[in-house]
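Single-structure report; data block below.
First the proteins, then the strands, lettered A, B, ... as listed; each starts at 1.
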Number of protein chains: 2
Amino acid sequence: MGCSTIVSVYTPAEVVEETGFTLDTLRYYEKIGLLERVERNSAGQRRFTQEDIGWLGTIRCLRDTGMPIAEMLRFAELVRAGDHTIADRIKLLEEHDRRVEGQIDNLIERKRYVSNKISYYRSVL
Amino acid sequence: MGCSTIVSVYTPAEVVEETGFTLDTLRYYEKIGLLERVERNSAGQRRFTQEDIGWLGTIRCLRDTGMPIAEMLRFAELVRAGDHTIADRIKLLEEHDRRVEGQIDNLIERKRYVSNKISYYRSVL
DNA sequence: GCTTGACCTGGAGTGCACTCCAGGTGGGAT
DNA sequence: ATCCCACCTGGAGTGCACTCCAGGTCAAGC
């Protein structure tokens, strides 16, 4: 059964580089269960898998669109629970998507106000 | 000198209604100097002016576009310092405007990722 | 005239999302 | 063999922006 799959593995430093999260943040995410227990080498040091990297990409995206950790945690649980939760995941993401839409619209609206203010100041210079 | 200007004045409750800030937030903003010392009636209760309302509108906008309080404070100081700071105000707002632009772009980018994820989940349902 | 409720002050507490620290272990280049 | 640096753990600390509280005053409608 000489299974010779090459499972590419990442050190903490590589993951920091790759994902842009700090090591402390990574550890924090693991501690609170947003990241599932990461594998360790014999010395107890973390060795991240490609899958971890992928999941961290999702986290990054959700986080940067303003999803609170509690909700990401809920999403993580759904993902772990298996394929029968896909409908729920869709629901969660769709709701988030609508909020992001709202955020963008609001930001565009507010930006107009800022731009107008700048124009006004320019006009009185 | 019977000066009979009608200076419309707002009670705290009216300002809360108008601006969407809580009374506590309004007091907090005054305490830290983001809002200049608000007028009081004989009983020491706040009576906001039209100008206060306008300024709170600006605050709302800057806040909702993610400007930290420290920077709003700096902007407030510039405004109070008089017209010779207009160039600085423009600089500050332009910088902020660029950041907001970046935020919007980033959000749009991330939103695409979320939408794709939703599509993917839909395809495997 | 009395009650109710809006408002006051100073200061303490909250929630979120990290971020830092002390004290220690192990791997790997020289 | 040695040294340094990445990494480990548990737990405490930080920064931001509020938010809440106790204990009190005033105004205005009934």
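- For Leu26(B) and dT19(D), the CG to C1' distance is 14 Å, given to the nearest whole Å.
- The CG atom of Asp24(B) sits 16 Å away from the P atom of dG11(C) (whole-angstrom rounding).
- Using a 4.5 Å heavy-atom cutoff, the side chains of Leu62(A) and Leu93(A) are in contact.
- Between Arg80(B) and Glu77(B) no salt bridge is recorded (no basic side-chain N to carboxylate O distance below 4.0 Å).
- Ion pairing of Glu30(A) with Arg40(A) is present here, as a side-chain N (NZ or NE/NH1/NH2) and a carboxylate O approach within less than 4.0 Å.
- With respect to Asp88(A) and Lys91(A), no salt bridge is recorded, no charged nitrogen being found less than 4.0 Å from a carboxylate O.
- Within the 4.5 Å cutoff, the side chain of Arg27(B) has no heavy atoms near those of the Lys31(B) side chain.
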Nucleotide N/O to protein N/O under 3.5 Å, stretch nucleotides 14-18 of chain D:
{"from": "dA17(D)", "atom 1": "OP1", "to": "Ile69(B)", "atom 2": "N", "distance (Å)": "3.4"}
{"from": "dA17(D)", "atom 1": "OP2", "to": "Ile69(B)", "atom 2": "N", "distance (Å)": "3.4"}
{"from": "dC18(D)", "atom 1": "OP1", "to": "Arg63(B)", "atom 2": "NH1", "distance (Å)": "2.6"}
{"from": "dC18(D)", "atom 1": "OP2", "to": "Tyr29(B)", "atom 2": "OH", "distance (Å)": "2.8"}

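- Exactly one residue among Gln50(A), Glu17(A), Arg46(A) makes a side chain to side chain donor-acceptor pair (under 3.5 Å) with Tyr10(A). That residue is Gln50(A).
- Looking at Asp52(B) and Thr49(B), their side chains do bring a donor and an acceptor atom within 3.5 Å of each other.
- Between Arg37(B) atom CZ and dC8(C) atom C1' the separation is 11 Å, expressed in whole Å.
- Heavy atoms from other residues, nucleotides or ligands lying under 6.0 Å from CG of Asn41(A) number more than 12.
- Atom CD in Glu30(B) sits roughly 10 Å away from atom P in dG10(C) (whole-Å rounding).
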N/O contacts under 3.5 Å, protein versus nucleotides 4-7 of chain C?
{"from": "dC7(C)", "atom 1": "OP1", "to": "Ala13(B)", "atom 2": "N", "distance (Å)": "3.0"}

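- If you take NZ of Lys31(B) and P of dG11(C), they are 9 Å apart, rounded to a whole angstrom.
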